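What follows is a single structure, written as structure tokens, with notes after it.
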Amino acid sequence: MDIYQIVNKSYEVYKSFIVLNEKLSKKMRYSLGTSIENNSLELMELFIIAKNAPKPLKAGYLIKASSLLEVIVLKLRLFLDLRLANETNIFKIQENLAEIGRMLGGW
């Protein structure tokens, strides 16, 4: 698997969250919005660290990335349940997150 694909896909997700957060109310922007942005940025960092880590240490970073991906998916589901953003945009992000999950599983 090409590591740059998963990093680029996570970068696209991060950009999508930035756009979503611009439209949130102030209360949600500084709670859920900032939280999901930070989580997606940390996910991208974990992929880069795992790419550069020695082989025995890669598994730990990938397990942490997988857990963080689940947290992001749950927070995005909260966006959908609370109707904080356009459903179409959320579904596109969910599709990208599912693809990241498949790539992560194949790594």
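Just so we're clear, the structure is a prediction, and the values are computed from it rather than from any experiment. Side chains are part of it too, since the values below use all heavy atoms of this structure and drop only hydrogens, waters and symmetry mates.
Across Ser10 and Met44, no two heavy atoms sit closer than the pair OG-CG, 3.5 Å. Across every non-hydrogen atom of Glu87 and Leu80, the tightest pair is CG-CD1, 3.7 Å. What you find for Lys9 and Glu99 is that their closest heavy atoms are NZ-OE1, 3.3 Å. Across Gly33 and Phe79, no two heavy atoms sit closer than the pair CA-CZ, 4.5 Å. Across all their heavy atoms, Leu82 and Met28 have their closest contact at CD1-CE, 3.9 Å.
By the rule that hydrophobic residues join a cluster once side-chain heavy atoms approach within less than 4.5 Å of another member, Ile49 and Leu57 end up as members of one cluster. Note on Ile63: it does not cluster hydrophobically with Met103, by side-chain heavy-atom contacts below 4.5 Å among ILVMFWY residues. Linking ILVMFWY residues whenever their side-chain heavy atoms come closer than 4.5 Å, directly or via other members, places Phe91 and Phe17 in the same cluster. Hydrophobic cluster membership differs between Val71 and Ile6, with clusters built from Ile, Leu, Val, Met, Phe, Trp and Tyr side chains linked at under 4.5 angstrom. Residues Tyr30 and Ile18 fall into different hydrophobic clusters, defined by Ile, Leu, Val, Met, Phe, Trp and Tyr side chains chained together at heavy-atom separations under 4.5 Å.
With contacts defined as side-chain heavy-atom distances shorter than 4.5 Å, the pair Phe47/Ile100 qualifies. For the pair Lys92 and Thr88, the minimum side-chain heavy-atom distance is below 4.5 Å. Contact check for Asn39 versus Leu69: no side-chain heavy atoms found under the 4.5 Å cut-off. Using a 4.5 Å cut-off on side-chain heavy atoms (C-beta onward), Lys64 and Glu42 make contact.
Atom-to-atom distance recorded for Asn8:CG and Gln5:CD is 8.0 Å, nearest 0.5 angstrom. Taking OH of Tyr61 as the start and CG of Asn52 as the end, the distance is 10.0 Å to the nearest 0.5 Å. Distance CG/Leu68 to CD/Glu70: 10.0 Å, rounded to 0.5 Å. Here the CD1-CD distance, from Ile72 to Gln94, works out to 12.5 Å after rounding to the nearest 0.5 Å. Between the CG atom in Leu20 and the CD1 atom in Ile36 there is a gap of 8.0 Å [rounded to 0.5 Å]. In this structure, CD1 on Ile93 lies 7.5 Å from CG on Leu97, to the nearest 0.5 angstrom.
Side-chain contact check for Ser35 and Lys75: at least one donor-acceptor pair (N or O, by modelled atom type) lies under 3.5 Å.
Taking a cutoff of 4.0 Å between a charged side-chain nitrogen and a carboxylate oxygen, Lys15 and Glu12 qualify as a salt bridge.
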- Could you walk me through whether Leu62 and Leu104 pass the side-chain contact (heavy atoms from CB on, under 4.5 Å) test, one step at a time? CA-CA 7 Å; Leu62 295 177; Leu104 182 57; 3.8 Å; yes
- Step by step, would you call Leu41 with Glu45 a side-chain contact (heavy atoms from CB on, under 4.5 Å)? CA-CA 6 Å; Leu41 189 59; Glu45 290 172 2; 4.0 Å; yes
